[in-house]
Amino acid sequence: MPELPEVETFVRSLKYGGMTGNSIINRQIASADLFWNRTLAGSDAAEGFLEWFPGKTVRDVARRGKFILISVPPKTLLIHLRMSGDLKVTEASDAEIGKHDRFRLTFTDGDRLVFSDPRKFGRIWLTASPEAVLGSLGIEPLDDGFTPEWLYDKLHASNRIIKSVLLDQRVIAGLGNIYSDEALFSAGIHPARAARSLSTEEVARLVQAIQTVLRDGIQYNGASIDWVYRGGSFQHHFKIYGRTGEPCLICGTKIEKTTISQRDTHFCPCCQPRMEKN
DNA sequence: CCTGAAACCTGTCTGC
DNA sequence: TGCAGACAGGTTTCAG
């Protein structure tokens with residue numbers, strides 16, 4: 001499920017309370033449980049992992065790219081939801097261990113923070129130096145530093161096609177398959193264009209499109225598709241993703257689907273020409 | 001450096 | 001109803 005807007009929705013909910021329950025800030029931890037060992041990344045950290053938590057207190061929740069950062073001084077619990085991860089705060093009365101629960105923290109009041117993940121792709125880290133995990137991440141696309149000038153330089157230093165670059169977390173942190181397709185459509189750029197072929201104007205449109213799509217996604221609490229993530233409604237506002245064969249909302253041309261970087265890629269052949277317009 | 005394929009996993013949906 | 005196969009919002013690793 002999770003791209004930047006969905007992860008941001010989780011973070012806000014855990015921090016301020018919301019769809020996953022009440023805020024976890026300033027809650028003291030009584031115990032921790034791990035139900036699927038491979039969920040814990042960094043096998044060397046496994047020793048004493050669960051025993052570290054009792055008595056510690058959650059002090060902050062933040063986001064970096066698609067990572068959730070839960071500050072439990074003096075360490076940080078990092079969570080990446082990958083494809084099917086889910087986080088929720090459950091009441092003390094809800095003691096059942098879910099079929100897909102992989103990790104949980106039980107607070108002293110009995111409530112729990114539960115990480116469930118049917119496909120087992122999600123990962124958590126407990127570390128005193130989060131930068132060791134997050135260090136290779138690229139720019140935050142909603143930060144001030146994400147400008148057309150910055151992106152133009154990055155794209156023109158690359159030999160890759162544009163969608164591959166957008167999906168690369170080392171360049172921009174937080175974009176995934178849906179929001180990349182939506183942004184490229186909004187900017188009128190074919191996903192298979194060479195990154196270095198984009199003009200100054202096209203890069204400016206792309207920066208604007210990426211930020212608008214992400215902000216819209218956050219505003220709708222992210223997108224919920226199928227059985228995975230619940231609570232968001234941005235899926236009702238997709239203009240290109242998942243609309244293969246349907247008419248483009250701009251020109252009516254049938255939307256096409258191809259594969260780029262092993263991901264389904266949707267585009268309008270009319271609004272997103274393969275070659276630059278003269 | 002770049003691309004493509006495979007691997008990690010399970011649940012859901014489609015078609016016969 | 002059953003079953004095989006395709007497919008899914010992500011990332012890492014390896015071969016070429």
Could you list the residues that satisfy ring pair (Phe, Tyr, Trp, His ring centres under 6.0 Å) with A:His100, not counting sequence neighbours?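 A:His100: no ring pair (Phe, Tyr, Trp, His ring centres under 6.0 Å) contacts found.
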Is there a side chain to side chain donor-acceptor pair (under 3.5 Å) between A:Tyr152 and A:Glu202 once you walk through the steps? CA-CA 9 Å; A:Tyr152 185 92; A:Glu202 288 172 324; over 6 Å; no
Within 45° of the ring axis of A:Phe107 and under 6.0 Å from its six-membered ring centre, is that where the NZ or CZ of A:Arg27 lies?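 Yes, A:Arg27 sits over the ring of A:Phe107.
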Rounded to the Å, how far apart are [X] [atom1] and [N] [atom2]?
| X | N | atom1 | atom2 | answer |
| --- | --- | --- | --- | --- |
| A:Tyr241 | C:dG10 | OH | P | 8 Å |
| A:Met83 | C:dG9 | CE | P | 5 Å |
| A:Asp264 | C:dA6 | CG | P | 14 Å |

If you count heavy atoms of other groups shown closer than 6.0 angstrom to NZ of A:Lys154, is the number above 12?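 Atom NZ in A:Lys154 is not packed in, count stays at 12 or less.
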Are more than 12 heavy atoms, taken from residues, nucleotides or ligands other than A:Arg59, located less than 6.0 Å from that residue's CZ atom?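 Counting other residues, nucleotides and ligands, CZ of A:Arg59 exceeds 12 neighbours.
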Convert the base pairs of DNA chain B into dot-bracket notation, remembering that pairs crossing earlier ones are written with [ ] and that bases paired across to another strand are shown as |; include only Watson-Crick or G-U pairs under 3.5 Å. .|||||||.|||||||
Looking at every strand, decide which applies to [X] at a 4.0 Å heavy-atom threshold: base, sugar-phosphate, or nothing.
| X | answer |
| --- | --- |
| A:Leu167 | nothing |
| A:Gln169 | sugar-phosphate |
| A:Tyr179 | nothing |

From the list [options], which nucleotide is the closest neighbour of the side chain of [X]?
| X | options | value |
| --- | --- | --- |
| A:Trp36 | B:dC2, B:dG11, B:dC9 | B:dC9 |
| A:Pro118 | B:dG11, B:dA5, C:dG10 | B:dG11 |
| A:Arg38 | B:dT3, B:dC8, B:dT10 | B:dC8 |

Integer angstrom distance from the P of C:dT11 to that of B:dG11: 22 Å
Roughly how many Å apart are B:dA5 and C:dC7, using the P atom of each and rounding to a whole number?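 These two P atoms come out 14 Å apart once rounded.
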Residue-phosphate contact under 4.0 Å: A:Asn159 side-chain N/O, B:dC1 OP1/OP2: no
Can you check whether A:Phe121 stacks with the B:dC8 base, using ring centres under 5.5 Å and planes within 30°?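 Here A:Phe121 meets both the 5.5 Å and the 30° conditions.
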Side-chain donor-acceptor contacts of residues 235-242 of chain A below 3.5 Å, not counting sequence neighbours, with atom names and distances?
unit_1	atom_1	unit_2	atom_2	d
A:Gln235	OE1	A:Ser224	N	2.8
A:Gln235	NE2	A:Ser224	O	3.3
A:Gln235	NE2	A:Gly232	O	3.3

Got a donor-acceptor contact below 3.5 angstrom from the A:Lys88 side chain to the A:Arg112 backbone?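 No, because the side chain of A:Lys88 does not come within donor-acceptor range (under 3.5 Å) of the backbone of A:Arg112.
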